[in-house]
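We use all heavy atoms of the structure for the numbers below, so side chains are in, but hydrogens, waters and symmetry mates are not. Along the sequence shown, the residues carry numbers beginning at 1.
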Amino acid sequence: GAIEPTAGNVLVNGHAPFAYGEEIHNMVGVLNQKPYLFATSVENNIRLGNQHATTEEIQEVIRKVRLDKYISSLPDGLQTQMEETGQRFSGGERQRIALARILLQDTPIVILDEPTIGLDPVTESELVDTILTSLQDKTIIWITHHLTGIEQMDEVIFLDKGQISMQGTHEDLIATNVRYQQLYLLDRGEVL
């Protein structure tokens with residue numbers, strides 16, 4: 001809601017986003033490519049999604065993002081202290097902690113802004129699977145340059161210089177759009 005459209009409408013549950021004011025965070029959660037994690041415990045970082053969450057709710061979201069075994073292996077478990085910006089943890093672990101925070105926030109819409117950027121292919125694939133599984137009942141807007149997981153999206157929209165250059169399902173685009181076919185194969189590391 002910070003920028004109003006110059007044409008057309010953007011509505012969230014039938015209302016313009018700016019109408020929600022400061023309460024927009026109850027409707028839309030955001031997982032950035034480099035989520036900020038604070039120099040406090042893992043539990044406190046996750047609890048930022050919902051200050052009133054119980055320990056059981058926190059343990060449930062940790063299980064959903066597949067960090068339960070890892071966190072239980074840490075000497076202080078949930079009370080393990082994160083270093084400044086979470087540097088103690090790998091990129092995939094930091095994203096999963098931030099995803100747990102989003103799950104605890106429990107918004108109907110989640111914007112994912114390049115959540116797998118900079119991850120190795122195995123971690124990226126695992127994180128995409130975790131994201132799509134744990135957010136299956138949410139509306140997801142996934143902003144990315146990387147096409148991993150694109151096959152599972154209901155609608156694909158390519159923006160080029162502020163204009164929609166391609167739009168459709170993965171199946172339609174892969175069958176009919178040469179540029180999409182090329183981008184998809186390049187992203188998968190396949191030779192054209």
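Judged by distance alone, the side chain of Arg101 and the main-chain N or O of Gly49 form no donor-acceptor pair under 3.5 Å. No donor-acceptor distance shorter than 3.5 angstrom exists from the side chain of Lys64 to the backbone of Leu103, with no hydrogens or angles considered. Under the 3.5 Å distance criterion, the side-chain polar atoms of Glu43 are left unmatched by any main-chain donor or acceptor of Leu78. Within the 3.5 Å criterion, the main-chain N or O of Gly77 finds a donor-acceptor partner in the side chain of Thr80. Checked by atom type and distance alone, the side chain of Ser125 never pairs as donor or acceptor with a backbone atom of Val122 at under 3.5 Å. Judged purely by atom type and a 3.5 angstrom limit, Glu23 has no side-chain atom pairing as donor or acceptor with the backbone of Tyr20. Gln59 places no side-chain N or O within 3.5 Å of a backbone atom of Asp68 that could act as its donor or acceptor partner. Under the 3.5 Å distance criterion, the side-chain polar atoms of Asn50 are matched with a main-chain donor or acceptor of His52. At distances below 3.5 Å, not a single donor-acceptor pair connects side-chain atoms of Asn32 with backbone N or O atoms of Asp113. Side-chain N or O atoms of Asp76 include none that pairs as donor or acceptor with a backbone N or O of Gln79 at under 3.5 Å.
Between Trp142 and Val128, some side-chain heavy-atom pair lies under the 4.5 Å cut-off. Side chains of Glu57 and Val61 form no contact here, defined as non-hydrogen atoms less than 4.5 Å apart. Under the 4.5 Å side-chain criterion, counting only non-hydrogen atoms from C-beta, Ile131 is in contact with Leu99. With a 4.5 Å cut-off on side-chain heavy atoms, Val42 and Tyr70 do not count as touching.
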Q.
For Met153 and Leu132: C-alpha separation, side-chain torsions, deciding distance, then whether side chain to side chain contact (heavy atoms under 4.5 Å, CB included) applies.
A. CA-CA 9 Å; Met153 300 299 116; Leu132 295 177; 3.6 Å; yes

Q: Please test Gln105 against Val30 for side chain to side chain contact (heavy atoms under 4.5 Å, CB included), starting from the C-alpha separation and ending with a verdict.
A: CA-CA 10 Å; Gln105 190 178 353; Val30 179; over 6 Å; no

Q.
Test side chain to side chain contact (heavy atoms under 4.5 Å, CB included) on Asp187 and Leu183; report intermediate values, then the result.
A. CA-CA 6 Å; Asp187 201 61; Leu183 291 170; over 6 Å; no

Q: Dump the intermediate steps for side chain to side chain contact (heavy atoms under 4.5 Å, CB included) on Gln167 and Phe158, then the final yes or no.
A: CA-CA 6 Å; Gln167 183 173 359; Phe158 270 80; over 6 Å; no

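The number of heavy atoms from other shown groups lying within 6.0 Å of CD (Gln51) is above 12. By the 6.0 Å contact criterion, NZ on Lys34 is open, its count of non-hydrogen atoms from other residues, nucleotides or ligands being 12 or less. Residue Asp154 qualifies as open at atom CG: its count of foreign heavy atoms under 6.0 Å is 12 or below.
Remark: Ile164 CD1 to Ile157 CD1 distance equals 5.5 Å, nearest 0.5 Å. Of the inter-residue distances, the one linking Thr139 atom OG1 with Met27 atom CE reads 9.0 Å to the nearest 0.5 angstrom. Atom CZ in Arg96 sits 12.5 Å away from atom CD1 in Ile46 (nearest 0.5 Å). The distance from atom OG1 of Thr169 to atom CD of Glu151, rounded to the nearest 0.5 Å, is 11.5 Å. Distance check, rounded to the nearest 0.5 Å: CD1 of Ile62 to CD1 of Ile71 gives 4.0 Å. To the nearest 0.5 angstrom, Asn45 atom CG is 5.0 Å from Leu37 atom CG.
Under the 3.5 Å distance criterion, with hydrogens and angles disregarded, a donor-acceptor pair is assigned to the side chains of Asn44 and Thr40. Using modelled atom types and a 3.5 Å distance limit, the side chains of Glu114 and His145 yield a donor-acceptor pair. The closest side-chain donor-acceptor pair between Thr144 and His146, if any, does not fall under 3.5 angstrom.
Note on ring orientation: taking the six-membered ring where Trp is involved, the planes of His170 and Tyr184 are tilted (angle from 30° to 60°).
A salt bridge links Arg63 and Glu60; the closest N-O separation between the charged side-chain nitrogens and carboxylate oxygens is under 4.0 Å.
A chain of hydrophobic side-chain contacts below 4.5 Å, direct or via other Ile, Leu, Val, Met, Phe, Trp or Tyr residues, connects Met166 to Leu147. Side-chain heavy atoms closer than 4.5 Å link hydrophobic residues (I, L, V, M, F, W, Y) into clusters, and following such links, even through other members, never connects Phe18 to Val10. If you chain together hydrophobic residues whose side chains sit under 4.5 Å apart, Ile141 and Ile117 never meet in one group.
Across Ile58 and Ala53, no two heavy atoms sit closer than the pair CG1-CB, 4.2 Å. Across Ala100 and Val65, no two heavy atoms sit closer than the pair N-CG1, 3.8 Å. Closest non-hydrogen pair, Pro17 versus Val12, comes out as CG-CG2, 4.1 Å. Gly29 approaches Thr107 most closely through the heavy-atom pair N-OG1, 3.1 Å. Ser134 and Asp137 make their closest contact through O-OD1, 4.4 Å (heavy atoms, listed as atom of the first residue, atom of the second, distance). Closest of all the heavy-atom pairs between Gln95 and Pro35 is OE1-CD, 2.6 Å.
Test Leu112, Ile111, Leu159 against Ile143 for side chain to side chain contact (heavy atoms under 4.5 Å, CB included) and you get one pass: Ile111.
Checked against a 6.0 Å centroid threshold, the rings of Tyr36 and Phe38 count as neighbours.
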